[in-house]
Amino acid sequence: MLLLDEELYGDGETEGLAPYCRAVAEADAPLSAEDTRGVPVRDGDGRTRGALCVGGTAPREWSEADREALEALAAAAATEVACRRAEAALARERDFGVQVMSALGQGIAVLERDGRVEYANPSLLRMLAAEPSWLAGQPLWARAEDGAALEAIHTRALAGERSGGEVRLTREDGETLHAYTAGAPRLGPDGAVVGTLVTVSNMTGRRQAEQARSEADDRFRRLSEASEEGIVIHDAGTVLDANRAAAHIFGFGDARELLGRPLFESIAPESREIARRHLASGTPDPLDVSGLRRDGTRFPVQLRERPIVHGGRTARVVAVRDLSEQHVVERLKDEFVSVVSHELRTPLTSLRGSLGLLASGRLNNHQAQRMLEVAVQNTDRLVRLINDILDVERIGSGQVAMEMRPAAAAALVEHAVAAVRGMAEKSRTRIVASAGKVQVRADADRIVQVLVNLLSNAIKFSPPGSRVRVSVETSGAEAVFSLADEGRGIPADKLESIFERFGQVDASDARKLGGTGLGLAICRGILQQHGGRIWVESVPGTGSTFFFTLPLDDSS
Ligand code: ADP
């Protein structure tokens with residue numbers, strides 16, 4: 001029987017030896033009595049841990065050799081028991097480790113040196129939707145889409161290093177698991193690296209959320225890039241993001257150049273405080289201020305704070321509109337109104353003067369007749385002006401629909417020449433026309449109106465007895481009309497401006513020669529509606545040639 005650390009080891013037959021074992025252990029010395037002998041059991045440090053006793057059936061001499069044999073047996077028994085105990089403790093410990101690993105939400109794999117999966121905890125199996133057998137017998141990286149990354153983590157762990165990274169693992173159902181995987185060396189009892197401990201954290205949910213957010217960001221970016229309106233996202237005035245339109249408005253080539261800059265640097269210094277207070281107030285009302293482009297030029301700009309949800313949070317967004325064009329249009333309108341009222345007032349004042357004199361009753365017959373003629377002339381001029389003003393407005397704004405039909409250029413020219421015949425005869429101007437067989441697509445009445453206007457100008461601004469040549473040629477898909485006169489010509493700096501409303505070479509031209517200064521503007525409007533162009537070439541003192549184009553008729 002063996003007594004070790006207060007515990008008895010033996011069977012039913014040796015049961016009776018228990019008191020003897022205790023006595024030997026207490027005495028801490030070999031004892032013998034008749035058929036029973038016992039020796040103390042000592043551990044490696046020489047401390048007594050118990051006793052080993054044997055019992056015989058007959059009394060025997062307790063020789064020295066017996067005692068030594070028994071002591072050797074006792075030492076072997078002590079070693080054996082110590083070993084068993086250590087193993088039991090190890091098993092308990094391992095069991096404890098497995099329990100902990102099972103309880104963890106994080107995936108854990110224990111890899112052998114060659115990378116094979118020795119153990120995978122339930123969380124990892126759940127993440128991979130896998131049975132333990134699916135992982136067994138092969139390296140973990142055989143189950144990864146980017147196996148090299150995982151193998152590198154394992155190799156580093158074998159070299160004693162911890163490392164980690166994002167890895168895409170393949171689940172048993174074929175889906176991808178985005179995971180953060182970390183590897184650490186797994187040590188054996190002697191401290192040597194025997195494999196790798198791998199932890200796996202599921203990132204699929206986070207990945208999906210990130211992807212959804214980046215898609216939303218993408219959509220937002222595409223929208224804002226397509227916007228004509230400038231959009232600036234800022235934090236306390238510092239630009240965090242801006243679209244192309246905003247960069248363009250503030251004179252930058254690229255939106256990235258705006259990032260990190262104070263928004264208010266793009267506002268004229270005198271407007272900065274107002275702009276800052278307005279935007280801080282959070283009002284949705286727009287504010288018109290003076291903007292400052294990168295090159296230092298100023299321009300009218302409108303700012304409007306618009307809170308929007310960007311990247312999952314509410315951002316401070318300013319919508320930016322360049323008002324330059326609007327201001328130009330408003331100025332042109334104002335100018336037009338003032339010119340129109342001046343142009344209308346001049347004949348009206350003259351008319352009023354003539355009628356006033358007639359009404360005074362102090363004019364003789366001849367004088368009264370002269371005054372009536374002046375009144376009629378001014379009334380005609382007023383009617384022409386009002387008609388032209390209405391025409392230029394309606395054609396310019398596209399309100400007059402052009403009735404495009406096939407038409408022979410020769411017929412259009414003929415019509416126009418007939419309309420100015422009286423005027424031409426009066427100034428003895430000879431009109432020479434050659435239009436060939438060119439067919440165009442056009443609103444015939446409107447093109448005749450253009451030709452009449454150009455012919456009457458040619459007659460008006462040429463000396464009596466001169467010649468006007470009209471011709472039509474084709475060029476590509478277009479017909480090119482030309483009207484060449486031998487008149488006074490047009491100075492180079494007026495070649496463009498005469499096509500503007502009330503644009504004249506000489507301010508007195510219209511009144512002296514009965515024009516309105518709107519004829520060429522109307523012609524340009526009509527031709528633009530046809531998809532054509534109009535321009536003039538001229539040598540002052542020698543003559544001018546007006547050109548315009550129309551689409552050829554391709555229906556025949
Ligand atoms: P207007 O009613 O004054 O003729 P237009 O718009 O037709 O108005 O012409 C504008 C101005 O262009 C004229 O006032 C004149 O100064 C100049 N112009 C037009 N046609 C000719 C031409 N054939 N030769 C010289 N100047 C011309």
Side-chain angles (χ1 to χ4, degrees), residues 332 335-336 339-340 342-344 346-347 350 377-396 413 416-417 419-420 422-424 426-433 446-471 480-529 532-548:
L332 283 177
E335 267 173 25
F336 184 65
V339 173
V340 165
H342 173 256
E343 293 292 320
L344 291 177
T346 314
S350 172
Q377 268 174 22
N378 279 304
T379 311
D380 285 349
R381 179 161 168 71
L382 269 176
V383 170
R384 267 202 312 276
L385 259 172
I386 289 168
N387 284 340
D388 279 2
I389 287 167
L390 291 176
D391 244 19
V392 85
E393 266 304 293
R394 284 176 19 232
I395 292 172
V413 172
V417 172
V420 297
M423 189 184 177
K426 232 183 180 171
S427 74
R428 289 182 289 111
T429 306
R430 201 150 59 88
I431 302 174
V432 186
R446 291 297 176 177
I447 296 306
V448 169
Q449 185 183 352
V450 169
L451 284 163
V452 167
N453 190 69
L454 295 178
L455 282 170
S456 48
N457 277 351
I459 297 166
K460 260 192 317 192
F461 298 107
S462 301
S466 59
R467 198 166 50 155
V468 176
R469 272 192 311 258
V470 185
S471 64
V480 184
F481 289 66
S482 63
L483 292 94
D485 65 43
E486 297 166 350
R488 68 177 197 200
I490 300 161
D493 64 332
K494 296 282 182 352
L495 293 176
E496 294 285 338
S497 63
I498 54 168
F499 293 98
E500 300 293 334
R501 296 159 174 186
F502 302 110
Q504 283 158 353
V505 172
D506 186 320
S508 64
D509 277 355
R511 266 184 306 280
K512 267 203 309 224
L513 300 163
T516 60
L518 290 169
L520 290 177
I522 294 172
C523 291
R524 188 174 60 177
I526 291 173
L527 289 162
Q528 278 171 350
Q529 300 286 317
R533 291 162 286 131
I534 183 167
W535 71 100
V536 62
E537 290 168 8
S538 178
V539 179
T542 306
S544 318
T545 306
F546 280 81
F547 298 90
F548 68 86

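Start at 1 and go down the list; that is how both ligands and their atoms are numbered. Note that the coordinates shown come from a computational prediction; the quantities given were computed from them, not determined experimentally.
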*Does F499 come within less than 4.0 angstrom of ligand 1, counting non-hydrogen atoms of the residue?*
no
*Between A521 and ligand 1, does any nitrogen or oxygen pair lie at a separation below 3.5 Å?*
no
*Of the choices I459, L385, L455, N457, which has the non-hydrogen atom that lies closest to atom 19 (C) of ligand 1?*
N457
*Taking all heavy atoms of S466 and all of E486, pick out the closest pair and write down the distance.*
CB-OE1, 3.5 Å
_Under 3.5 Å between any N/O of L520 and any N/O of ligand 1: does that happen in this structure?_
yes
_Measuring from atom 12 (O) of ligand 1, which candidate in I498, V468, L483 has the nearest non-hydrogen atom?_
I498
_Within ligand 1, which atoms have a heavy atom of G489 less than 4.0 Å away?_
25 (C)
*Where's the contact between D485 and ligand 1, heavy-atom distance under 4.0 Å: side chain, backbone, both or neither?*
side chain
*Which ligand 1 atoms are under 4.0 Å away from a heavy-atom of N453?*
7 (O)
_Suppose I only count heavy atoms of G517 and a 4.0 Å limit; which atoms of ligand 1 are within that range?_
1 (P), 2 (O), 3 (O), 6 (O), 8 (O)
*Looking at ligand 1, does G487 have a heavy atom less than 4.0 Å from it?*
no
_Minimum heavy-atom distance N378-S350, with the two atoms named_ = ND2-OG, 2.6 Å
*What pairs with N453 under side chain to side chain donor-acceptor pair (under 3.5 Å), at least two apart in sequence or on another chain?*
none
*Scan L451, T545, V413 and name whichever one has a side chain to side chain contact (heavy atoms under 4.5 Å, CB included) with L483.*
L451
_Using a 4.0 Å cut-off to any heavy atom of S544, which atoms of ligand 1 qualify?_
24 (N)
*Taking heavy atoms and a distance under 4.0 Å, where does K494 meet ligand 1: side chain, backbone, both or neither?*
neither
*Minimum heavy-atom distance between I490 and P540, given as atom pair plus value*: O-CG, 3.7 Å
*For D485 and G543, indicate whether the former's side chain and the latter's backbone hold a donor-acceptor pair under 3.5 Å.*
no
*Quick one: are E393 and R501 in side-chain contact, heavy atoms under 4.5 Å?*
yes
_Tell me whether E496 at atom CD has more than 12 heavy atoms from other residues, nucleotides or ligands lying less than 6.0 Å away._
no
